[in-house]
Number of protein chains: 2
Amino acid sequence: MTKTDADTPLHLQPYGPGPRAAEKIFETARDLFYREGIRAVGVDEIVSKAGVTKPSLYRSFKSKDDLVAAVLREVEEGFWDRFRSAEDAFPGDPRAQMIAYFEGLAARSVGDDYRGCALSNAAVEYPDRQHVGRMVSQAHKEQLRERLRAKAVEMGASDPKVLGDVLLLLIEGVFTSSQMFDGDDKPAMASVGAVKALIAAYCP
Amino acid sequence: MTKTDADTPLHLQPYGPGPRAAEKIFETARDLFYREGIRAVGVDEIVSKAGVTKPSLYRSFKSKDDLVAAVLREVEEGFWDRFRSAEDAFPGDPRAQMIAYFEGLAARSVGDDYRGCALSNAAVEYPDRQHVGRMVSQAHKEQLRERLRAKAVEMGASDPKVLGDVLLLLIEGVFTSSQMFDGDDKPAMASVGAVKALIAAYCP
DNA sequence: CAAGATCCGTACCGATCGGTTACATTTTCC
DNA sequence: GGAAAATGTAACCGATCGGTACGGATCTTG
């Protein structure tokens with residue numbers, strides 16, 4: 001069962017084949033952090049579930065926080081991939097782009113394993129502005145805010161800053177609320193209609 | 001500096017003067033949990049900052065989780081107090097009630113010490129459905145959802161369930177987003193206008 | 001004041017936290 | 001095959017985690 005090195009996106013393969021343990025650690029940590037929370041998961045649990053040992057973790061990551069930062073940065077990439085995917089589906093139509101994003105978001109939010117946005121959750125777990133997990137999350141949210149405001153400009157909103165912030169409120173609302181209700185009947189389903197109504201209200 | 005027992009709302013004073021240590025522990029834990037997160041705060045830090053000792057904590061609370069549950073229940077009381085306050089300000093006018101609530105929420109969300117809803121944060125910190133902190137938070141959110149849907153009925157919404165869920169999305173969006181941006185220019189400020197537009201859109 | 005109830009602190013417990021050491025073993029590539 | 005790189009083994013570290021046994025201090029009440 002020797003896996004090759006180029007079939008999955010790896011984050012650090014310095015020379016030649018690159019480490020296989022680092023990849024398993026990274027993916028295991030990403031899943032555990034999302035499912036159980038970052039603070040709730042210890043390094044021992046990570047290496048145990050990854051089938052590796054602790055020194056392997058600290059050979060690839062300087063500290064647990066360093067691993068946390070790496071995971072959150074990949075989460076951020078995944079977010080922008082989905083966001084751009086909605087954009088690419090409707091070129092030149094920012095309104096349809098946002099509706100498409102909310103439709104995808106609402107679809108993803110149903111399902112018992114959904115736990116909202118890992119970046120928002122990390123910001124909740126790390127209130128300290130100096131913590132790297134907090135910094136990555138906060139920087140991402142500021143980028144998102146600007147991007148949504150730019151979208152509102154494209155839509156010709158009368159007050160694009162406000163409409164952008166409203167969209168952000170709605171997105172974060174879906175993130176947080178979706179992990180607090182079981183089953184398929186989640187408030188997130190109402191977000192698609194809400195974004196349509198809001199865009200209509202803010203774009204004359 | 002012997003404080004009396006009736007000047008502040010106490011939660012357990014079995015006989016006579018009641019314990020003074022339990023009150024300090026409770027208030028200290030409430031503040032620390034909110035500021036730094038629940039998992040980030042150990043019992044040693046609580047008793048240390050409260051100026052008492054650890055056995056005093058475990059004489060009044062069966063465990064840390066028991067203290068967490070007690071704190072979250074008081075937080076829930078505080079939420080409903082603010083919610084009813086907005087209701088009482090505009091009797092018989094559910095639309096004005098909700099606008100008033102969002103105005104108060106937006107006003108509270110500015111300020112560097114604001115960290116959103118402690119119950120929502122607790123749900124993020126405790127994904128395990130069996131954990132008492134999670135159970136208290138989730139039960140509260142379900143009550144809130146029903147209450148908002150009932151408000152939408154009062155407003156004469158065409159689809160009250162959807163409008164109620166939209167209001168919930170907006171509230172949670174304010175909670176989460178307000179702790180991810182510094183300064184006074186927060187997305188929460190846009191929530192008041194958004195709720196007006198949404199109510200108008202969903203109530204013919 | 002003394003007795004008894006009530007409250008509280010000192011010291012300690014095993015377990016786990018994030019992190020490290022030195023060395024043996026395996027894997028990869030030429 | 002042999003050197004180099006990657007991983008495993010096993011033990012260990014100080015600090016902190018949530019939680020407790022036990023005795024001393026304090027307060028109310030006769």
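In what follows, every chain begins at residue 1, and chains take the letters A, B, ... in the order their sequences are listed.
- Residue A:T53 has its side chain nearest to D:dG8 when only D:dG8, C:dC17, D:dG18 are considered.
- Whole-Å rounding puts the A:L32 CG to C:dG18 C1' distance at 16 Å.
- Side-chain atoms of B:K54 lie closest to D:dG18 of the nucleotides D:dG18, D:dT9, D:dC22.
- Where A:R59 and A:R39 each meet DNA chain C at their nearest nucleotide, the meeting point lying more 5' is that of A:R39.
- Using a 4.0 Å heavy-atom distance criterion, A:V41 is classed as a sugar-phosphate-only contact.
- Here the side chains of A:D88 and A:Q97 are not in contact, with every heavy-atom distance at 4.5 Å or above.
- Residues B:L169 and A:T176 have side chains not in contact (no heavy-atom distance under 4.5 Å, counting atoms from C-beta outward).
- The side chain of A:P55 lies closest to C:dT20, out of C:dG9, C:dT20, D:dC17.
- We find that CD of B:E45 is positioned 17 Å from P of D:dA15, with the value rounded to whole Å.
- Rounding to whole angstrom units, CG of residue A:D44 and C1' of C:dT20 are separated by 13 Å.
- Distance, A:E23 CD to C:dT27 P: 17 Å, rounded to whole Å.
- B:R115 has its side chain out of reach of B:R35: every pair of non-hydrogen atoms, C-beta onward, lies at least 4.5 Å apart.
- Salt-bridge check for B:R149 with B:E146: failed, with every basic side-chain N at 4.0 Å or more from each acidic carboxylate O.
- Phosphate contact (OP1/OP2 of C:dG9, side-chain N/O of B:S56, threshold under 4.0 Å): present.
- Dense packing is recorded around CG of B:D81, with more than 12 heavy atoms of other residues, nucleotides or ligands lying under 6.0 Å away.
- Rounded to an integer number of Å, the gap from CG of A:L67 to P of C:dG19 is 10 Å.
- The distance from atom CD1 of A:I25 to atom C1' of D:dA6 is 12 Å, rounded to the nearest whole Å.
- The side chain of A:R20 places an N or O atom within less than 4.0 Å of a non-bridging phosphate oxygen (OP1 or OP2) of C:dT28.
- Contact annotation: A:Y58 side-chain N/O to C:dT20 OP1/OP2 distance is not under 4.0 Å.
- The distance between atom CZ of B:F61 and atom C1' of D:dT20, rounded to the nearest whole Å, is 18 Å.
- Across the protein-nucleic acid pair, B:K62 atom NZ and D:dG18 atom C1' stand 16 Å apart, rounded to whole Å.
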